[in-house]
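Atoms considered below: every heavy atom in the structure, side chains included; atoms not considered: hydrogens, waters and symmetry mates. When a ligand or atom number is given, it counts from 1 through the structure's own listing order.
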Amino acid sequence: MGENWRKRTALVHDGIRRSQYGEVAEAIWLTQSFVYDSAEQAEARFIASGEDEFIYARYGNPTVRMFEDRIAALEGAEDGFATASGMAAVNAALMSMLKAGDHVVSARALFGSCLYIVEEILPRFGVEVTFVDGTDNAAWARAIRPDTAVVFLETMSNPTLELIDLGVVADLAHAVGAAVVVDNVFATPIYSRALELGADVVVYSTTKHVDGQGRCLGGVVLGTRDYIRKTLEPFLKHTGGAMSPFTAWVMLKGLETLDLRVRAMTASAGRISAALEDHSKLQNVIYPHLPSHPQHDLAKAMMEEGGTMLSIDVAGGQAAAFRVLNALQIFTISNNLGDAKSIVTHPATTTHQRLSDEQRARLGISPGLIRVSIGIEDGSDLLDDLLQALDRA
Ligand SMILES: *Cc1c(COP(=O)(O)O)cnc(C)c1O
């Protein structure tokens, strides 16, 4: 459907399935299973079900399928499978591909639960994992071996916004026949070029920018039709990570406005990071498209825009950072991101609390670091709020 549509059009129309009532808004087919006209039809559907034939909501559902088709069209992927959360998507993408004896190379800077899967769960099932500093291309080259089955990474790290040169890593992985699995939340589906740069499988937590209004958990795995239907679907349909039809409807509505929201948030994030760059109370402002970002050229090459996230390092450590957090009036203190509401997070005491001081230092998570997720409020109000809070630092 709509092969030549640009993203904004695809986000509103792609994948739509209308019932005999001709509803304008996508319907929520809140049903667990489906009835058959005859015993013969039931038998035929269990042998092979067609595009618009469903059996059981753990396997697929029309509302969920609309969401999968629409987000796959946006990413430029052949197919997708939606899941109950971002972590269900990451887990299924990895577990569906790996078996005992396989070798995985993973970036060290990962979302906490992703790190738990690769560091704690995979080794329990006989998968060997080598961790590398994702920004070091030579380290990837040393770690990837002829028996490496999967390479796993987040294109932009949380919360220090370091980039991994996906094109280089994908070439190294493909040279040994390894699959490249990318968790692409921070790049957002709007600025993603992951498939073009060589990713084989792209995973999103749709809890973030896709819902974007703080309501539902969700995830999606995107890839070739062959991978999604022959490798991932059998794993997911039997292990039960399916997205609910209600959630899929919320995510479909999220997709309609995704481009508008992400571009508005990004415009404010760019302006705010530039305005704060030389602030006397800040040791550092991290934003991928700021010329001072250590990987500025790579950030420009990999992403059309700098994205919706920035991080600031408040001089004076944790006490000063807490004063700033507590003085903010528009920004809310939470650990979500990509939301319409602007959110601030203190990684050292929340999302990365579990790590040792040494691990945090290695990842660049200093006591004064605040992660900032820019929302869709007026950017001038957001900047004013940050400036008045920094006065209290
Ligand atoms: C939030 C997030 C996840 C997990 O997603 P959930 O929907 O919370 O399960 C995984 N990876 C990254 C990079 C995230 O930001």
Side-chain angles (χ1 to χ4, degrees), residues 64 67-68 71 75 80-95 106-122 134 152-164 166 180-192 194 199 201-222 236 239-244 246-248 250-251 254-255 258 262 265 269 288 302-303 307-311 334-339 341 343-345 347 350-355 363 365 371-375:
V64 177
F67 170 66
E68 291 165 342
I71 195 165
E75 190 73 27
F81 202 105
T83 55
S85 69
M87 287 322 305
V90 171
N91 183 57
L94 293 172
M95 288 296 209
S106 172
R108 189 177 286 118
L110 294 179
F111 182 78
S113 299
C114 295
L115 185 64
Y116 185 83
I117 290 177
V118 287
E119 195 174 33
E120 308 283 338
I121 300 180
L122 292 182
F152 180 61
L153 59 99
E154 294 171 16
T155 42
M156 204 199 295
S157 71
N158 166 30
T160 52
L161 310 181
E162 289 181 337
L163 284 115
I164 294 178
L166 178 56
V180 178
V181 180
V182 171
D183 177 342
N184 213 22
V185 167
F186 276 62
T188 83
I190 297 301
Y191 301 129
S192 172
V201 176
V202 183
V203 178
Y204 288 104
S205 162
T206 65
T207 310
K208 314 293 164 58
H209 302 83
V210 175
D211 175 345
Q213 290 166 78
R215 300 162 295 194
C216 294
L217 292 176
V220 70
V221 185
L222 301 162
L236 265 171
T239 54
M243 177 180 275
S244 95
F246 176 75
T247 297
V250 170
M251 298 299 172
L255 285 180
L258 180 67
V262 166
M265 289 152 74
M302 282 179 65
M303 285 170 72
T308 65
M309 305 293 297
L310 57 121
S311 287
S334 182
N335 38 265
N336 196 16
L337 63 94
D339 200 85
K341 294 182 173 65
I343 291 171
V344 281
T345 312
T350 60
T351 52
H352 293 71
Q353 189 192 91
R354 197 169 67 90
L355 303 186
L363 294 174
I365 301 168
R371 188 185 78 183
V372 184
S373 171
I374 297 294

Polar proximity ligand 1 side, [X] side, N/O cut 3.5 Å exclusive:
X	value
Met87	yes
Leu217	no
Thr207	yes

Could you check [atom] against the protein and tell me its nearest heavy-atom contact, residue, atom and distance included?
atom	answer
atom 12 (C) of ligand 1	Asp183 OD2, 3.4 Å
atom 3 (C) of ligand 1	Phe111 CE2, 3.4 Å
atom 15 (O) of ligand 1	Lys208 NZ, 2.7 Å
atom 6 (P) of ligand 1	Gly86 N, 3.4 Å

Q. In terms of side-chain heavy atoms, does Asn184 have a donor or acceptor partner in Thr155 at a distance below 3.5 Å?
A.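 Yes - a donor-acceptor pair under 3.5 Å links their side chains.
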Do [X] side-chain atoms and [Y] backbone N/O form a donor-acceptor pair below 3.5 Å?
X	Y	result
Thr83	Ala88	no
Ser85	Leu217	no
Glu162	Ser157	no
Ser192	Ala187	no

Q: Calculate, to the nearest 0.5 Å, the distance between atoms CZ and OG1 belonging to Arg371 and Thr350 respectively.
A: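 Answer for the CZ-OG1 pair, Arg371 versus Thr350, is 7.5 Å.
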(Q) List ligand 1 atoms under 4.0 Å from Ser85, heavy atoms only on the residue side. (A)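 Close to Ser85: 7 (O), 9 (O).
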Q | Atoms in ligand 1 flagged as close to Val185, the criterion being non-hydrogen separation under 4.0 Å | A |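 Taking each heavy atom of Val185 in turn, ligand 1 has 12 (C), 13 (C), 14 (C), 15 (O) under 4.0 Å.
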Q: Take every heavy atom of Gly218, measure it against each atom of ligand 1, and state whether any distance is under 4.0 Å.
A: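 It does; at least one heavy atom falls under 4.0 Å.
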Q) At a 4.0 Å cut-off, with the gap strictly under it, does some heavy atom of Asn158 reach an atom of ligand 1? A)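 Flag not set, Asn158 not near ligand 1.
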Q.
Looking at every non-hydrogen atom in both residues, tell me the closest pair between Leu153 and Ala107 and how far apart they are.
A.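 Heavy-atom minimum between the residues: CB-CB, 4.2 Å.
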Q) Quick one: which of Leu110, Asn158, Thr160, Leu355 gives a side-chain contact (heavy atoms from CB on, under 4.5 Å) with Leu363? A)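 Answer to the side-chain contact (heavy atoms from CB on, under 4.5 Å) test with Leu363 among Leu110, Asn158, Thr160, Leu355: Leu355.
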